[in-house]
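Quick one: the structure is below, questions incoming.
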Amino acid sequence: MKICLHTNWEVSAKYIGGTERFLVNMCKELESFGHEPFIVCSGEDNEIYVEGIKVIGRYGESLKKSLHKYQYFSSEFIRKEIIGEKYNEDSLKRLSDYTLGQLDGIEADVFHLNSFISASYISSLKNLIVTNHENDKEYDWYWGKGFFSFFKNLVANKQTNLHTISNLYTPSKYYADFFSKEFDLPVKSIHLGIPLNYFAYMNKEDALRREYSFADDDIILLLPSRFQPFQKGHDIALKACAILKEKNISFKIIFTGVKKSSEKYRSFFDDLVFQYGLQQNVKVITFPDINEAYRNTDVVISPERYCSYGLSISESLSLGIPTIMSDIPTYKEIATGLKHAFFFQSESSEDLANVIINISNSARRYRESAIDFRINNDLRDCAKKYSAAYQNIASNRNKNRSD
């Protein structure tokens with residue numbers, strides 16, 4: 001079965017964000033079943049391979065003149081060139097038209113879209129499934145304050161085409177219930193998971209400690225999320241680190257996820273580092289393989305303010321690394337009951353610092369707890385559920401044709 005996974009974001013060999021990495025890994029799992037998956041995304045008009053997966057980039061002839069203003073196909077590109085600075089119903093229609101233009105001429109048995117808004121005014125694709133990787137707060141951040149309320153009213157009043165799509169999903173049960181209530185539509189959940197072969201359980205190493213001359217008694221903290229402080233809570237982490245410094249805790253903290261699009265946040269970040277006097281404690285490192293960071297860390301922290309799922313914490317939990325995370329609903333859905341999962345009060349740097357101190361003296365790998373997590377969060381199980389949905393869509397379509 002030919003399966004087209006679509007995203008309005010860019011998927012490139014240079015940098016892949018969490019959701020984009022999920023698409024690549026999902027394709028690998030679907031290939032192992034015998035399917036023929038590929039990705040269509042916003043990108044230069046060409047075909048590339050990312051980790052062996054075919055990725056087709058498309059953006060439309062009419063946008064070529066404006067493309068030079070952007071470093072890559074970001075939310076800024078979509079907001080300014082497609083949706084517009086002031087959203088309205090026509091904005092959503094333009095985004096759906098843009099999506100259809102990307103898929104024009106693409107042959108597939110099933111089209112799997114990555115966003116409710118990109119599918120909201122699509123009616124011509126019948127063999128369609130949509131998984132939404134954005135939540136209400138992300139909608140308002142990316143597209144403008146009040147966007148979610150505006151979009152919710154359109155959907156609930158059946159002014160979009162989402163009510164005609166019978167296969168609507170989110171990665172978490174929390175947001176499946178949330179969107180079902182807000183949209184007055186049935187939204188189901190299929191939780192994601194980790195490619196276990198890629199994130200193989202490992203013992204801790206000291207290569208980074210030696211490379212950067214970290215002290216032997218330094219506890220090495222890692223915040224592995226993309227460099228987006230307003231959501232990922234880099235400011236919360238730095239304030240907690242200031243508290244650790246005041247209490248004479250010996251530590252280093254590593255931040256990852258820096259790319260060109262995050263440079264606009266770097267000055268804000270650097271100012272906080274200077275304000276709290278953390279220049280000797282903070283390292284910003286871009287890892288070609290995130291496993292290198294995980295192999296060398298004592299504790300992972302994730303002070304995220306909101307999250308549609310939680311791929312980064314899933315990675316660290318699968319490796320048995322003590323993981324301290326904010327008590328947001330999706331994190332609690334994933335990690336409650338695990339011995340190496342520790343929660344702190346969301347937004348509270350003081351509580352985060354206290355939890356770090358409480359576990360720092362006994363930070364270790366939790367093999368048995370990691371095994372429990374890995375058994376229940378295998379990406380192959382996610383791929384099996386989506387594969388069943390694909391086959392059901394294709395069989396229903398063939399049945400309707402024969403009728």
Side-chain angles (χ1 to χ4, degrees), residues 137 204 206 208-209 212-258 262 265-285 293-294 296-307 310 312-313 315-317 319-332 334-336 338-366:
K137 295 180 178 64
K204 192 170 76 69
D206 288 318
L208 290 182
R209 187 183 296 275
Y212 292 100
S213 300
F214 295 163
D216 290 341
D217 59 347
D218 277 343
I219 181 170
I220 300 179
L221 306 171
L222 172 69
L223 200 162
S225 299
R226 68 179 180 270
F227 219 73
Q228 211 167 49
F230 64 87
Q231 179 179 352
K232 301 300 182 180
H234 290 65
D235 54 324
I236 299 170
L238 289 174
K239 187 174 180 181
C241 287
I243 296 171
L244 297 181
K245 186 177 180 181
E246 288 176 3
K247 294 180 179 292
N248 294 316
I249 304 297
S250 183
F251 74 95
K252 295 292 187 296
I253 182 167
I254 298 171
F255 293 87
T256 66
V258 179
S262 61
Y265 306 119
R266 188 59 189 267
S267 61
F268 166 78
F269 176 85
D270 289 341
D271 287 346
L272 285 179
V273 171
F274 182 80
Q275 176 185 333
Y276 294 134
L278 296 170
Q279 296 92 325
Q280 301 304 313
N281 301 91
V282 169
K283 286 288 182 183
V284 178
I285 306 175
Y294 289 134
N296 286 275
T297 193
D298 295 310
V299 176
V300 166
I301 65 171
S302 186
E304 195 154 0
R305 290 181 165 93
Y306 50 88
C307 186
S312 292
I313 65 159
E315 293 168 1
S316 63
L317 290 169
L319 299 172
I321 302 171
T323 304
I324 304 173
M325 65 206 87
S326 50
D327 59 353
I328 58 177
T330 49
Y331 281 7
K332 293 177 74 173
I334 291 171
T336 296
L338 294 171
K339 292 181 180 179
H340 61 310
F342 304 88
F343 295 99
F344 73 95
Q345 184 180 343
S346 181
E347 299 275 0
S348 174
S349 297
E350 292 79 9
D351 198 27
L352 172 57
N354 287 334
V355 177
I356 292 173
I357 293 169
N358 288 340
I359 72 169
S360 60
N361 291 330
S362 59
R364 59 181 177 85
R365 292 291 197 265
Y366 289 71

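All values below were derived from every heavy atom in this structure, side-chain atoms included, with hydrogens, water molecules and symmetry-related copies excluded.
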Walk me through it: do Val282 and Phe269 pass the test side chain to side chain contact (heavy atoms under 4.5 Å, CB included)? CA-CA 11 Å; Val282 169; Phe269 176 85; 3.9 Å; yes

Spacing of Phe344 atom CZ and Ile356 atom CD1 [to the nearest 0.5 Å]: 8.5 Å

Intermediate values then yes/no, side chain to side chain contact (heavy atoms under 4.5 Å, CB included), Glu347 and Arg305: CA-CA 7 Å; Glu347 299 275 0; Arg305 290 181 165 93; 3.0 Å; yes

Check whether more than 12 heavy atoms from other residues, nucleotides or ligands sit under 6.0 Å from atom NZ of Lys245, and answer yes or no. yes

Heavy-atom closest pair (Tyr294 atom, Ser312 atom, distance to 0.1 Å) is OH-O, 3.5 Å

Judged by modelled atom types alone, do Ser326 and Tyr331 share a side-chain donor-acceptor pair under 3.5 Å? no

Go through the side-chain N and O atoms of Asp327 and Ser346 and say whether any donor and acceptor fall under 3.5 Å apart. no

Test side chain to side chain contact (heavy atoms under 4.5 Å, CB included) on Lys332 and Phe343; report intermediate values, then the result. CA-CA 8 Å; Lys332 293 177 74 173; Phe343 295 99; 3.8 Å; yes

May I ask you to check whether over 12 heavy atoms, not counting those of Lys252, lie within 6.0 Å of atom NZ? yes

Quick check for you: to the nearest 0.5 Å, what is the distance between Leu272 atom CG and Gln275 atom CD? 5.5 Å

Could you tell me if the side chain of Leu238 sits less than 4.5 Å from the side chain of Leu278, heavy atoms only? yes

Would you find more than 12 non-hydrogen atoms of other residues, nucleotides or ligands less than 6.0 Å from Gln279 atom CD? yes

State the CZ-CZ distance between Phe230 and Phe268, to the nearest 0.5 angstrom. 11.0 Å

Would you name the heavy atoms of Gly310 and Ile334 that are closest together and state the gap between them? O-CD1, 3.9 Å

Does some side-chain heavy atom of Arg226 sit less than 4.5 Å from a side-chain heavy atom of Lys232? yes

Any side-chain heavy-atom pair of Ile254 and Leu221 under 4.5 Å: no

Is the count of non-hydrogen atoms from other residues, nucleotides or ligands lying under 6.0 Å from Asp217 atom CG greater than 12? yes

Testing Leu338, Val300, Val299, Leu222 for side-chain contact (heavy atoms from CB on, under 4.5 Å) with Thr323, which one passes? Val300

Interatomic distance, CD1@Ile313 vs CD1@Ile324, rounded to 0.5 Å, equals 12.5 Å

From CG (Asn358) to CZ (Phe342), nearest 0.5 Å: 9.5 Å

Short side-chain to backbone donor-acceptor contact, Ser349 and Lys239, under 3.5 Å: no

Restricting to non-hydrogen atoms, name the atom on Ala237 and the atom on Pro303 that form the minimum distance, rounded to 0.1 Å. CB-CG, 4.1 Å

Atom pair CD1/CD of Ile236 and Glu350 - distance to nearest 0.5 Å: 10.5 Å

Sequence neighbours excluded, the answer for side chain to side chain contact (heavy atoms under 4.5 Å, CB included) partners of Asp298 is Lys204, Arg209, Ile219, Ile220, Ala363

Testing the basics here: between Cys307 and Gln231, what is the closest heavy-atom pair and its distance to 0.1 Å? CA-NE2, 4.3 Å

Here the pair of heavy atoms bringing Cys241 nearest to Phe251 is O-CZ, 3.4 Å

Heavy-atom closest pair, residues Leu317 and His340: O-NE2, 2.8 Å

Step by step, would you call Tyr212 with Asp218 a side chain to side chain contact (heavy atoms under 4.5 Å, CB included)? CA-CA 12 Å; Tyr212 292 100; Asp218 277 343; over 6 Å; no

